[in-house]
Each structure stands twice: as C-alpha cells, then as structure tokens.
Amino acid sequence: MSTSVSAAERVRALRAEIEEHDYRYYVLDAPQIPDAEYDRLFRELQALEAAHPELASPDSPTRRVGGKVLDAFAPVRHAVPMLSIRTETDTEASGAFAFDARVRRELKLGDGAPPVEYAAELKFDGLAISLRYEDGRLVRAATRGDGETGEDVTENVRTVAQIPARLRLQEGRAAPPVLEVRGEIYMRRADFERFNARALAAGEKPMVNPRNGAAGSIRQLDSKIAASRPLSFFAYGLGEVVGWPLPETHGATLDALAAFGVPVCAERAVVKGPQALADFHRRMGERRAGLPFDIDGVVYKVNSRALQEQLGFVTREPRWAVAHKYPAEEALTRLLGIEVQVGRTGAITPVARLAPVFVGGVTVTNATLHNADEVERKGGLCIGDTVIVRRAGDVIPQIVGVVAERRPADARPFVMPTACPVCGAHVVREEGEAVTRCSGGFSCSAQRIQAILHFAGRRMMDIEGLGERYVERLVEFEYVHGVADLYRLTLDDLLEMKRRADERDGTVPETVKAGQIATRWAENLLAGIAASKSPKLSRLLFALGIRHVGESTAKTLADWLGRFDWVRRAPAPLLAVLPDIGATVAAAIADFFAEARNASAVDALFAAGVAPADEHAPHPGLAERLAWSELYAALGIPKLTPVRARQLAAVADGERLADGLPADHELPAEVAEAVLAWLAATGNGSALRRLASLRGEILAALPAADIATAVPRSAVAGKTLVLTGTLPTLAREAAKEMIEAAGGKVAGSVSKKTDYVVAGADAGSKLDKAQALGVAVIDEAQLLALLQLDNEGETP
DNA sequence: TATCCTCGAGTTCA
DNA sequence: CTCGAGGATA
C-alpha cells in the first residue's frame, strides 16, 4: 500500500468534519461555518480522493455530486414489506373519531377504558423510500414499488444532502447491524420554485409540481441529474431492524431516528384520544398553506408498539394507522367562456374555458360541464363568473360552484345552442334525458370524425398512427367519409392530402427531406390500417359505434352469437334474450343495422377486406335463451306477460304463430286479441318468420357437447374482479385479458357483488370502497396465484 | 315499482 | 372519474 497514513487520516478527518457540517446545515438548518470554508474542505477531500483512488468510499460526502449512469434500476426485495396506509375517506373531523372507534373496538376497550395514545404526523406529498443502513452505513435505497419489491435507487439517494451516508452515533455506542429507515423524499416548495425559475431561464422544461419533481429526480438513471435537484427527506418509520432494541412507542422511535442524524419532521405530536387527533388535523389544515412543503393530509398511528402488534394487519394495511386527507384543493378562477363539443353520438357537451389556474398540482384550463342541467345545478353559470374549481378524485377538473357575489354586471348566462355548432342541424333533447344531441347524424362532420376516431381506437380496431389530427384532415379534405374508406386509401392519397393540408396551413417547406418524412408517415399509417383488417369480432362490433354497445355489450354479442352475420341479422327480440341486453339496447342494435347507410357502410367494410378473425359457434347456453317463451316475451306484444308468453309458447312455435293464433290456446280473450292485433300489424308476421328461420339456423350451429365441463376452471371463473391502481408488472389490459380468459369478469366499480379488488400502487377511491364494503383486496401476486389455482382448491 | 348495480359515454392533463 | 341510463332483481 503506497497510500500514506497521513492521507488516509486526513480523508477520514475531512469526511467527519464535512458530515458534521452537513448535518448542521441540511438537517438542523443551523450552519456553523461560512459556505466558502465548507467549499474549501469539500474540494480538499475531492482532490485527496482523486489522488488516492483506493481511499474512495461509497459513503463519502463527495458522492453527493453523482456520476454513475445506469441502464435500468435493479429490483430490490424489501425484507419487510413497505406498507400502504388506509385512507380515511371522511374528510371531516369525524375521521379521527371513526379511526379511534375502530381501534377501541379491535382492542376490546370498554367505554370506561382510558383514551388510547396516538402519534400524529404529517402525510408528506413525495416519494416513499426505504433506506438500509448496515453497521451505520447507507448501503441501499429502494423505492416502494409494489410494497414487496422496489427499485434500487441508491446512487440517486446518495446525492440527497439531507440523507446521511452514515448514522450519527452517540459516544461509545455501536451502530445497529441493520436499520431500515422508511420515509419520504420530497421537494420544498421554495426549492421547487427556485429550480423552476432557473430551468425556465435556461430554456429547460420546468417541473409540474414538487411531487412529480421529487419522483422524477429519483427515477433519473443519471445520478448527476438527481444531484442537481434540491431534494429533502423526512423519516416516518422503520423496516427491517436487527440488533437494535426497538423503542416502546412510535414517538420514541422517531426521536431515536432524529438522534441518528436522520431528518424527522418537527410537526408531530403524541396525543391522547380522538379529539386531540381531530384538533391536530384542523390545526395542520389551517397551517397547510404556510408549510414549506406540500402535504396531502395527516397520519394517525397508535403510539404503543405493543398495541400496534395486537392490532395487526388487514391484507397489507396496518389496522393501527390511517391517513386522514384534506379535501381536494380548490381554487378560484374566471369562467372565460363555455364552448360546446359534439361527440360521436351527437351529444352536445358544454365545456368551460377557464383562466388558467394552478390547482391540485397542475394547471387547469378546461372542465367539462356535462349537460345543460349540470350548468343549471352549478348556479346557472355565466360567462365572466368567478368559479370554484377542484380536481375531483385528484384527476378530472370539476367546477364546484359559482361565487354569486362576484358575478359581474355584464355576465352573460349560458344557453344551450339550438343548432349544432358544427353542422348547423337542429338539436334535440329527448323527454327525460339529460343530453342534448345534434340531429345531423352522418351529415355532421364532427360526428363522422368522432366515429372514425372511435373506430380506430385502441380497444376497437387499434389502428396505429391514426390520431385526431389526421382524421380531421382526412374528413375535411374528403378522402374519407366513412370508416370503410380508410381501407381504400393509397400512398398517393395520403401524400396529396398532407400536401394540401400543409399548403393551406402555410407551413412546412417543400424540401426533399420533408417529402421523405411524409412518405414514411404515410407508409406507417397504411401499415397500421392494413394490420387492423382481422379484428376480434367483439372489437369490430364495438368499433362500429352502435348506440349503447360498449366494450362489454360487444363482448356479450360476440360470445353468445359468435358470428357477425347473426348479430347483423338478429331482430331485436332475439338480441333482447341475451344477458344484460334489454329492449332498449336490442332495439338500438337492430335499428343500427336496419339503417341503410349503416348497412352499406358495413358492406363496404367487408368488401374492403375487413373480416373478424375469431368467429365461432354460438354459446352453448343459447338454446335455453332462445326458447319461444323467452322470445315471445321479448316481442313487445301488449298484455303478453312472461307467464302468458309461456302459455303461448306451449301451443305454438314462431312459425306456427306467424300463420295465426292456434285454436287450442288458453289465453284470456283480451290477451289473445292483443296477439292477433300484433300479428295483423304490417310486417310483424313476416318478421316473426324471419326470426324463426334465423333462430333455427343458429340453433343448428350449436356445439353438441357442453364445452364448459371440458375446460379447466380457474379460481377466478365466475368471479367479479375490479382493478385499481398500477400493478407492478401487469398492464391493466393484460390483467383484464388474463382474468377474462380464466372465466372471470372485470368490472369498473366496486360493489357488494365484487369478489376481489386487485389493488396496485396509488390505488384510489375503489380501494376505500372495497374496505368499506369488506370486499377482499388482493395484489398482483395474489391475483396470479388465483389464476393458477384450480377451482377445487379453497380460495385464499 | 322501486332499488341496486353495471355499463356506456364523455372528459383532463402530462 | 363522474354522470345518467338501462338491465336485473326482489
């Protein structure tokens, strides 16, 4: 070893001194030496480490400048899972009382028992992180991930000045062999603003909000970038601990962490009973805006570790802690105008244009108003009004109401237009319906554009490269009138269209390069269109945009009838016997195909080479549903109740009935009269014959054996699941497909009938609802286990 | 007939 | 995510 003893010693001394200054500066916020002096020490250490590479150490303060660039973050399995915390949905102070009541009930404390002691702290709006210290040295930092496995972000976390690379130890005390500190990396508001001011001045992209800034910084692969971001940290708990006696209470644990030199927020309290918690909630709510960092609520924890252990966990959430959030942030802004949009179905939707306002972490400029009733309900919004805006469920902007006293004298009330703003056709509002619709149909270009966009959408035909911009142009320049025209587009068409569009917009010079890019774009789009020619039947049905036929109904049609042709030819009564399809939806489907323009559009589509790839035999259960008694009940004959329909079916099948009511029927006279009247009405007789003939055709194609018995059934078969949050490895769509392939159902909202809620990261209100209803909550791993599990085994 | 539940449709912003 | 409306159910 050529390293001189003095160099090694000097390095050690410098590190100790710098660490001490770091602690005083970053954690205690009370620097003891001038910045220039600190910089001198820091540079001396850098120089020594450079001259003696063998003295480098991962926990040297010099590591804070970053340097390593990674390809990806390695997964890290948490020794103790990182918990999520239940959110008290009640935003009022009663949330604290509800929590206390649950705790007392679980602990079987009577009314006479003394109040429970709680630790109350802030819920920081940042990024949860686990810091692993071994023998006092920071060896690993990991994100929460799914709670079981996170990402190794050690390099980036080392650049956070507030996080000590080594724990401070009291004189003569040894460091714990293993101490995992759990906490939140966040960005102070002032740091965030300073950073953004500089970024803007440098022409760089600013961060959206402190939370995104913190999360984005930690997820940088280049630790130099992370080092340039002003991040802070607060500890709030522990993970794995080995060889260190745990304090008796949560409050004492945080005190101990603070003594180790780890930043702990001073805004915390140990209190007794729910009223004190509610007071803390209210007090912090009042001070919220004045805090140097963002919080989205407060957290209550049972203080005693012994009681925590007694309370235990439900799935992955401790029963001894809750987050009590504040109501969504609201802001005031001016209503600059109300525009109306025309949707695919012709629905005219008023949308509020707002003076940009920063609320809930983003700048909001638009908010839907849904329909005329809604505008009325918000207090008869007028252009020029001052309105209250919030982000509902933290996502969709919502207008809460109007500040009546601030209405200017020249405020103009909003009135629903009487003519479509796009095509000029008159608008209609059906009796009892909330939506106003453009009557233009096909002749309304807005509806055509939206219909084509819907057709091309990801869950429908999934045509890549066909976005709003191009659809608008294709329709505007009349290259495309209906969806079938997409399949006739040529390279020349697209290039010509682009040229005309560019010319009109007066953009894009005619260079050789631009031409090449245009050709590339057109080729990609044509490839995307061509690739969509063999969709699944359900997707094709969904893509057509039939009213009331969404993803789920399209799937029902495809599953039960199996062939496009049968869906197309099916009269309404036949459709109405399918599950979840009633008279309205059945009529909408039959009407769609009866309409000449739709029929020819469908023909054109098939002529262009589009064909469903997965047509199959009808559903085995269809025979039962196609019983004449069911069909008769669905015919809509007045007075023919389901009971009478069964009576009628006993004596006559459809074909016979079309010839006339048999003499041996036992129907009451007035019912028989109604049936005869119905048969006599124009077209009904022949419609019945067509129904009978199609019915025969479908039944003849029914598979002989019951397929259901042959297919192994997984534990999710027949179960209803709801997905919420972001799953660690599975995309939402992939999870859905797996569940459906196993015979399960994926619903959009949680109810009593839900069997499982599959919760991922950042699960929202659905998780709360599941807990409120006592629905089982599982994670991705448990879902996968369920999918594998045979139905005969017990569900976990 | 009333009630509960699920589905469809429309929408925001980065 | 929210709303309204349609379907199933008691």
Side-chain angles (χ1 to χ4, degrees), chain A residues 205-209 211-213 215-216 328 339-354 356-375 377-378 389-400 429-437 446-447 450-451 453-454 457 459-460 468 541-542 544-557 575-589 633-634 642 720-725 745-754 762-769 773 775:
Chain A
K205 224 180 129 213
M207 298 170 178
V208 181
N209 56 44
R211 201 199 106 84
N212 287 9
E339 286 175 22
V340 289
Q341 294 180 349
V342 184
R344 163 168 69 88
T345 61
I348 308 238
T349 310
V351 178
R353 303 286 172 218
L354 305 166
V357 59
F358 195 73
V359 55
V362 294
T363 305
V364 168
T365 50
N366 300 312
T368 177
L369 293 167
H370 297 108
N371 54 54
D373 287 352
E374 195 69 13
V375 176
R377 211 171 309 150
K378 306 282 187 219
V389 179
R390 75 160 169 233
R391 293 221 298 159
D394 271 353
V395 188
I396 312 266
Q398 187 185 26
I399 290 189
V400 183
R429 184 172 169 187
E430 296 284 333
E431 188 74 32
E433 282 212 342
V435 288
T436 307
R437 288 198 153 81
Q447 290 187 53
Q450 293 300 318
L453 272 172
H454 172 80
R459 284 140 74 221
M460 302 80 177
E468 186 163 1
L541 289 167
F542 184 21
L544 292 177
I546 305 166
R547 269 254 246 157
H548 301 300
V549 178
E551 203 171 11
S552 179
T553 308
K555 201 163 263 170
T556 303
L557 292 170
L575 296 167
V577 299
L578 301 180
D580 299 313
I581 295 178
T584 314
V585 178
I589 299 166
T720 300
L721 292 85
V722 171
L723 302 171
T724 179
K745 230 179 103 173
V746 175
S749 53
V750 180
S751 73
K752 278 186 292 188
K753 290 191 179 168
T754 309
D762 298 322
S765 62
K766 290 185 208 168
L767 183 56
D768 302 336
K769 188 148 184 214
L773 293 171
V775 172

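The sequence lines fix the lettering, A, B, ..., with proteins before strands; numbering per chain opens at 1. The figures that follow rest on heavy atoms only: side chains count, while hydrogens, waters and symmetry mates do not.
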Worksheet item: Between C/dG7, B/dG8, B/dT12, which nucleotide has the shortest distance from any of its atoms to the side chain of A/Thr553?
Response: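 Side chain of A/Thr553 sits closest to B/dG8.
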
Discussion item. Closest approach to the side chain of A/Val585, judged atom by atom: which nucleotide of C/dG4, B/dG10, C/dG6 is it?
Written reply: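 Looking only at heavy atoms from C-beta outward on A/Val585, the closest nucleotide is C/dG6.
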
Using OP1 and OP2 only, check whether a side-chain N or O of [X] sits under 4.0 Å from [N].
| X | N | value |
| --- | --- | --- |
| A/Gln398 | C/dC1 | no |
| A/Asn366 | B/dT11 | no |
| A/Thr345 | B/dG10 | yes |
| A/Ser552 | B/dC7 | yes |
| A/Arg344 | B/dA9 | yes |
| A/Thr584 | C/dG7 | yes |

Discussion item. Classify A/Val435 by what it touches in the nucleic acid, base, sugar-phosphate, or nothing, heavy-atom distance under 4.0 Å.
Written reply: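 Answer is nothing: A/Val435 stays at 4.0 Å or more from every strand.
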
Worksheet entry | Under-4.0 Å salt bridge between A/Lys555 and A/Asp580 |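 Result for this pair is no, no salt bridge flagged.
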
What pairs of nitrogen or oxygen atoms, one from the protein and one from nucleotides 8-10 of chain C, lie under 3.5 Å apart?
residue, atom, partner, partner atom, Å
C/dA8, OP1, A/Asp580, N, 2.6

Item to complete: Between A/Thr349 and A/Thr363, name the one whose nearest nucleotide on DNA chain B is closer to the 5' end.
Response: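 Result: A/Thr349.
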
